[in-house]
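These values consider heavy atoms only, across backbone and side chains, with no hydrogens, waters or symmetry-generated copies. Computed from a prediction, not measured in an experiment: that's the story for all the values here. Remember, it's 1-based here, ligands and their atoms both numbered in the order they're listed. For this chain, numbers begin at 1 and follow the sequence in order.
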Amino acid sequence: MTASKGYAAQSATTPLAPFSFERRAVGPHDVQFEILYCGVCHSDLHVARNEWGGTHYPIVPGHEIVGRVTKVGGHVKKFKAGDLAGVGCLVDSCRDCDNCKKGLEQFCRNGSTGTYNGADKKSGGYTYGGYSNQIVADESFVLKISDKLPLEGVAPLLCAGITTYSPLRHWKVGKGHKVAVVGLGGLGHMAVKLAASFGAEVTMLSTSPSKEKDARHLGAHHFALTKDAAQVKALAGKFNFIIDTVSAEHNYNDYLAMLDTDSVMICVGAPPTPSQIVAFNLIGGRKSLAGSLIGGLPETQEMLDYCAEHNIVSDVEVIRMDYINEAYERMLKGDVKYRFVIDMKTL
Ligand code: NAP
Ligand code: ZN
Ligand code: ZN
């Protein structure tokens with residue numbers, strides 16, 4: 001076991017604070033690395049505050065992790081000490097079921113293990129995430145990180161990047177498609193960058209007028225303010241795809257109305273409260289409402305390689321570890337440009 005330190009919440013209502021714990025000893029297939037940067041995902045906040053239910057305390061959030069390898073087990077082939085490495089939202093799965101064999105470990109029939117709050121099949125208890133100084137994971141769940149891109153901008157690709165890349169690829173979004181992205185936060189800004197880089201015509205749908213200039217700079221061709229009924233009405237029937245990244249309760253029916261015939265709205269945002277869908281909004285125009293969960297390991301590596309090749313990183317605000325509670329409050333207000341990333345030197 002290795003003594004480790006991090007930041008944890010002890011209950012749904014306590015702020016995150018310094019916390020000491022142990023990581024498992026490096027096994028034959030394990031990679032251990034020093035964490036240099038960890039992105040702050042809205043899921044971290046949902047889980048730290050038990051908004052989805054099922055949080056085990058203490059919770060150390062963080063699943064957008066990059067760092068430098070310090071030690072590898074005897075059977076490890078992909079990494080050696082000194083290499084850059086990353087861990088996203090998963091650290092284990094059965095590797096044997098049909099979904100795992102297809103590289104869809106996020107849908108493992110036997111339950112994949114989340115990077116935090118996951119039932120830890122190796123050490124017992126629950127996994128601790130990336131708001132910490134080091135991590136140990138099986139090499140099959142550790143990603144190769146290019147040295148071409150700034151590491152702090154790469155960290156958010158491990159969740160925000162793959163969560164938007166995966167549905168865009170699955171539905172083959174590209175040239176000739178009109179795509180709307182709802183919510184300009186961590187996921188939203190990556191959806192804009194990736195959809196634009198795949199050749200789609202991108203419209204940003206935001207509640208924040210102050211984000212228009214940035215949206216265009218990120219690659220959006222159009223911007224609409226969803227608080228303005230006239231702008232919303234003008235978008236009726238316009239889009240082939242809508243990627244909804246909103247973290248809080250909102251009316252899905254408003255967006256379904258913006259889909260063209262035979263078009264798809266993809267939910268990646270995961271508000272804690274359920275919503276009502278009016279069936280007529282799907283029936284008229286043969287529309288689909290879909291969802292997507294992060295991405296499997298092979299596709300995560302493909303996305304990282306694509307971003308390295310096309311020079312795509314997240315736009316980040318680097319913060320100190322002890323700023324995390326303020327960062328959460330700002331995230332709740334939509335005041336994120338466009339991902340907080342913790343500099344782990346400050347832990
Ligand atoms: P974020 O950075 O906080 O961005 C969310 C954005 O949604 C905000 O910046 C805001 O953008 C918009 N928004 C917030 N409240 C709203 C409301 N009441 N009505 C309309 N728009 C609102 O969050 P994130 O890290 O991108 O995560 C977004 C959601 O995706 C979270 O629920 C998270 O848990 C989930 N998630 C899902 C997956 C998956 O695999 N499916 C993976 C990661 C995260 P504007 O200011 O532009 O309106
Ligand atoms: Zn996430
Ligand atoms: Zn499986």
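- In this structure, M204 falls outside the shell of residues with a heavy atom less than 4.0 angstrom from ligand 1.
- Taking every heavy atom of T207 and a limit of under 4.0 angstrom, the matching atoms of ligand 1 come to 20 (C), 21 (N), 45 (P), 46 (O), 47 (O), 48 (O).
- In this structure, the protein non-hydrogen atom closest to atom 27 (O) of ligand 1 is H42 CB, 3.4 Å.
- Rounding to the nearest 0.5 Å gives a distance of 3.5 Å between CH2 of W52 and OG of S43.
- Below 4.0 Å from some heavy atom of S208 lie the following atoms of ligand 1, by number and element: 45 (P), 46 (O).
- Ring pair F241/H177 is perpendicular by interplanar angle, where above 60° counts as perpendicular and below 30° as parallel.
- Under the 4.5 Å side-chain contact rule for hydrophobic residues, F141 and F33 do not share a cluster.
- Taking the six-membered ring where the residue is Trp, F340 and Y323 present perpendicular rings, their angle passing 60° and hence far from 30°.
- Of the protein's heavy atoms, H46 NE2, 2.8 Å lies nearest to atom 32 (O) of ligand 1.
- Less than 4.0 angstrom separates some heavy atom of G185 from each of these atoms of ligand 1: 2 (O), 4 (O), 9 (O).
- Of the residues listed (Y116, Y7, F19), the one engaging Y128 in a ring-ring contact (aromatic ring centres under 6.0 Å, His included) is F19, and it is the only one.
- The CG atom of L304 lies 8.0 Å from the CD1 atom of I162; values are rounded to the nearest 0.5 Å.
- If you check which protein heavy atom lies closest to atom 28 (C) of ligand 1, you get T245 O, 3.0 Å.
- For atom 9 (O) of ligand 1, the nearest non-hydrogen atom from the set K211, E249, E51 comes from K211.
- If you number the atoms of ligand 1 from 1 as listed, the ones under 4.0 Å from a heavy atom of R339 come out as 24 (P), 25 (O).
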Can you list the steps and then say if D260 with K178 is a salt bridge (charged side-chain N to carboxylate O under 4.0 Å, His left out)? CA-CA 10 Å; D260 194 2; K178 291 190 166 74; over 6 Å; no
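- The residue from L45, T163, D254 that puts a heavy atom closest to atom 38 (C) of ligand 1 is T163.
- Looking at Y338 next to ligand 1, no N or O pair under 3.5 Å apart turns up.
- With the Zn ion (ligand 2) as the vertex, SG of C41 and SG of C159 span 120° to the nearest 10°.
- The backbone N or O of G88 sits nowhere less than 3.5 Å from a side-chain atom of H63 that would complete a donor-acceptor pair.
- Residues E299 and S166 have side chains that bring a donor and an acceptor to within less than 3.5 angstrom of each other.
- Residue-ligand proximity, V246 to ligand 1, at heavy-atom distances under 4.0 Å covers atoms 7 (O), 13 (N), 16 (C), 17 (C), 19 (N), 20 (C), 21 (N), 22 (C).
- One finds an angle of 120° at the Zn ion (ligand 3) between SG on C97 and SG on C108, to the nearest 10 degrees.
- Distance check, rounded to the nearest 0.5 Å: CG of L205 to CG of D244 gives 9.5 Å.
- Numbered from 1 in the order shown, with element, the atoms of ligand 1 that lie under 4.0 Å from a heavy atom of M331 read 3 (O).
- Residue contacts to the Zn ion (ligand 2): H63 brings an N, O or S atom closer than 2.8 Å.
- Residue H250 has no N or O atom closer than 3.5 Å to an N or O atom of ligand 1.
- Side-chain atoms of S123 never come within 3.5 Å of backbone atoms of R24 as a donor-acceptor pair (strictly under, hydrogens ignored).
- At a 3.5 angstrom cut-off on N or O pairs, P271 does not count as close to ligand 1.
- In terms of polar-atom proximity, G183 is not counted as a contact of ligand 1, lacking any N or O under 3.5 Å from an N or O of the ligand.
- Only the side chain of W52 comes within 4.0 Å of ligand 1, judged by heavy-atom distances.
- Considering backbone and side-chain atoms alike, G186 places an N or O below 3.5 Å from some N or O of ligand 1.
- For the residue pair H189 / S314, a side-chain donor-acceptor distance below 3.5 Å is found, with atom types taken as modelled.
- For V142 against K78, the heavy-atom pair with the smallest separation is O-NZ, 3.0 Å.
- In this structure, the protein non-hydrogen atom closest to atom 26 (O) of ligand 1 is L187 N, 2.8 Å.
- With no hydrogens or angles considered, no side-chain donor-acceptor pair links D315 and H217 at under 3.5 Å.
- Remark: ligand 1 atoms within the under-4.0 Å shell around heavy atoms of I294 are 39 (C), 40 (O).
- T70 and E34 share no side-chain donor-acceptor pair at under 3.5 Å.
- Of the N and O atoms on the side chains of E329 and N325, not one donor lies less than 3.5 Å from an acceptor on the other residue.
- Between F198 and Y165, a ring centre-to-centre spacing shorter than 6.0 Å is recorded.
- Ranking the protein heavy atoms by distance from atom 30 (O) of ligand 1 puts G269 CA, 3.3 Å first.
- The distance criterion of under 3.5 Å between nitrogen or oxygen atoms is met by L184 with respect to ligand 1.
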Passes side-chain hydrogen bond (donor to acceptor under 3.5 Å, both in side chains), E139 versus H75? Steps please. CA-CA 9 Å; E139 74 165 326; H75 292 276; over 6 Å; no
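- In this structure, V336 has no heavy atom closer than 4.0 Å to ligand 1.
- Relative to atom 44 (C) of ligand 1, the option among G39, S43, S206 with the closest non-hydrogen atom is S43.
- For ligand 1 and A248, the ligand atoms under 4.0 Å from any heavy atom of the residue are 15 (N), 18 (N).
- If you check each of S247, G334, C159 against atom 14 (C) of ligand 1, the one with the closest non-hydrogen atom is S247.
- In this comparison of V40, V182, V268, the heavy atom closest to atom 37 (C) of ligand 1 sits on V268.
- The closest approach between a heavy atom of Q106 and any atom of ligand 1 is not below 4.0 Å.
- The shortest N/O to N/O separation between G188 and ligand 1 does not fall below 3.5 Å.
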